[in-house]
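What follows is one structure encoded as C-alpha cells, with my remarks underneath.
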Amino acid sequence: MYKTTDACDVSHAQLCAIMGDAFSDYAVPMQPTLQQFQFMMTQRSFAPDLSTLLWQDDALVGLWLIGRRAFDGYLITSGIIPAHRGEGRARDMAEQSNDALRAAGCRRITTEVIEENMKARRLYERLGYDRLRDLDCFSLPEVTAEPVDGLSIKEVPWRLCADRTDGWRDWPPSWQNADRAIQDAEADAVVFGAYRDETLCGYAAGFRPATALAQIAVAPDQRRRGIGRALMAALAAELGTPLRVLNAEATDPGFRGFVFDLGAEPTIGQFELGLTL
C-alpha cells in the first residue's frame, strides 16, 4: 500500500540514496555523493515540511523535494524508482507539495527540465506549468587569460559583491545560482572581485562541490576589456576544470559569445518552468 509523508523525519542519507535509485536510468547521470547532496539542499533552500515522499509500506520509493524562499517555491528534484512508475504517483506528490506551499503562503513554484526529458515535460504540462525561458549549459575544459593592465583579481566575501548584482546583471540567475543560494552556501562558495584603481568593477562566484559558475558580472562601462575572462580564469584555477556553466540565459548572444570565446562546449539545454499557485 502506498502512502505519502513530508520529509521532516527522513535523513539526507536516505534521500540521497533514493534519489540515486530514482535517477538510475536518467538521461543525465544524477548519482550525487552524500556531501554533494547536502550541498545541493543548502544551495537550493530545502524545505522538508513542504516536500513530499512516496512510500510503499515502509520502503521509500519516490521523492518530490521542495525549496522555499519567502513566497516562492522551487522543485529541487523529483523521481520515483523505476518499478513504481506509471501509476500517477508523481502527480499525487506534486499536488500534496503544492497544497503545502499554498498553505505556507507561497504564490508560485519554478523548476527546470532538460529539453530531451519528454516524460517530465509532459508531467509538468499536465500540472499546469508554463515555459518561462530557455537555459543553456556549458563545459569549459580550460580557461586562460593574459594579464590586464591596472587590473587586480582577489578573493572577496560575497557581501562585498551582493549589492552590485542587480545593476550589473543582464538577466536574473536561476534558483540554484541566485544571490540567496550563494549566501546560504557561502561555506562552499568562492567569490573573486576584479579591481581597477581600488574600485570593484566585476565579480565571479562559483561553487566548489559543483565545480560550477554561479554568477559573473562586469560593470557596464568596464566591459570588453578582458575583465570577464580574467575572472573566469581565476575561478577555474581555484575550482578546477572542466568548469561548468549552468542555466545561462539562452537568448543572450553576448554571453554565448563570451563563453564560446573561452572554449566552452555546449552540454544540455533546459527549460525554466513556472506555476502560479
Side-chain angles (χ1 to χ4, degrees), residues 2 4-7 15 18-30 32 37 40-41 43-54 60-137 171-178 181 246-251 266-277:
Y2 289 104
T4 55
T5 68
D6 62 31
L15 296 176
I18 193 62
M19 180 178 172
D21 291 342
F23 283 82
S24 60
D25 58 348
Y26 195 49
V28 175
M30 290 283 287
F37 181 85
M40 184 168 64
M41 295 301 103
Q43 174 206 30
R44 303 181 193 191
S45 305
F46 176 47
D49 58 320
L50 304 178
S51 301
T52 302
L53 304 180
L54 178 67
L60 181 59
V61 298
L63 74 175
W64 194 274
L65 302 187
I66 297 294
R68 180 192 179 183
R69 295 171 185 160
F71 300 111
D72 292 327
Y74 175 74
L75 176 56
I76 300 173
T77 188
S78 65
I80 297 175
I81 63 175
H84 297 271
R85 294 176 188 163
E87 302 180 39
R89 302 297 174 180
R91 174 181 283 275
D92 293 343
M93 290 192 292
E95 290 178 348
Q96 180 166 322
S97 281
N98 288 347
D99 286 345
L101 283 160
R102 291 187 192 96
C106 292
R107 298 167 184 163
R108 68 169 184 170
I109 182 170
T110 57
T111 194
E112 299 95 28
V113 62
I114 294 173
E115 289 180 9
E116 290 80 10
N117 191 346
M118 295 304 300
K119 288 184 178 180
R121 286 173 58 184
R122 285 193 290 267
L123 170 63
Y124 296 136
E125 288 171 1
R126 291 195 297 269
L127 291 171
Y129 280 81
D130 294 317
R131 181 168 159 183
L132 303 179
R133 58 176 171 167
D134 296 359
L135 302 170
D136 287 333
C137 299
W171 35 268
S174 66
W175 185 279
Q176 70 192 64
N177 294 326
L246 305 177
N247 295 349
E249 181 80 62
T251 58
T267 52
I268 60 171
Q270 297 205 110
F271 300 135
E272 184 177 64
L273 308 176
L275 172 67
T276 300
L277 295 169

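Only heavy atoms go into these numbers, but all of them, side chains included; no hydrogens, no water, no symmetry mates.
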So, do [X] and [Y] sit near enough that their side-chain heavy atoms are less than 4.5 Å apart?
X	Y	result
Ile76	Met41	yes
Arg131	Leu273	yes
Glu115	Ile268	no
Ile109	Asn98	yes
Ile66	Asp49	no
Tyr2	Glu87	yes
Arg121	Met118	yes
Ser78	Met93	no

*Test Leu53 against Leu65 for side-chain contact (heavy atoms from CB on, under 4.5 Å), laying out the working first.*
CA-CA 8 Å; Leu53 304 180; Leu65 302 187; 4.1 Å; yes
Which value, rounded to the nearest 0.5 Å, describes the distance between [X] atom [atom1] and [Y] atom [atom2]?
X	Y	atom1	atom2	result
Asp134	Thr251	CG	OG1	8.0 Å
Tyr124	Asn117	OH	CG	7.5 Å
Leu15	Leu60	CG	CG	7.0 Å
Asp72	Ser45	CG	OG	10.5 Å
Thr276	Tyr129	OG1	OH	10.5 Å
Glu112	Leu246	CD	CG	9.5 Å

*asked:* Whether the Thr52 and Ser97 side chains hold a donor-acceptor pair (N or O, under 3.5 Å, no angle test) is what I'd like checked.
replied: yes
[X] versus [Y], closest heavy-atom pair with distance:
X	Y	answer
Arg133	Pro172	NH1-O, 2.8 Å
Ala94	Trp64	CB-CZ2, 3.3 Å
Ala104	Arg68	O-NH2, 2.9 Å
Ala248	Trp171	CA-CH2, 3.7 Å
Asp25	Pro82	OD2-CG, 4.1 Å
Arg85	Ile80	NE-O, 2.7 Å

*asked:* Within a 6.0 Å radius of atom CZ on Arg108, are there more than 12 heavy atoms belonging to other residues, nucleotides or ligands?
replied: no
_Arg107, CZ atom: more than 12 neighbouring heavy atoms under 6.0 Å_ = no
*Taking Thr267 for the side chain and Cys137 for the main chain, is one N or O donor matched with an acceptor at less than 3.5 Å?*
yes
*Arg126/Arg91 under side-chain contact (heavy atoms from CB on, under 4.5 Å): CA gap, chis, key distance, verdict*: CA-CA 9 Å; Arg126 291 195 297 269; Arg91 174 181 283 275; 3.4 Å; yes
_Aromatic plane relationship, Trp175 with Tyr74 - under 30° parallel, 30 to 60° tilted, over 60° perpendicular_ = parallel
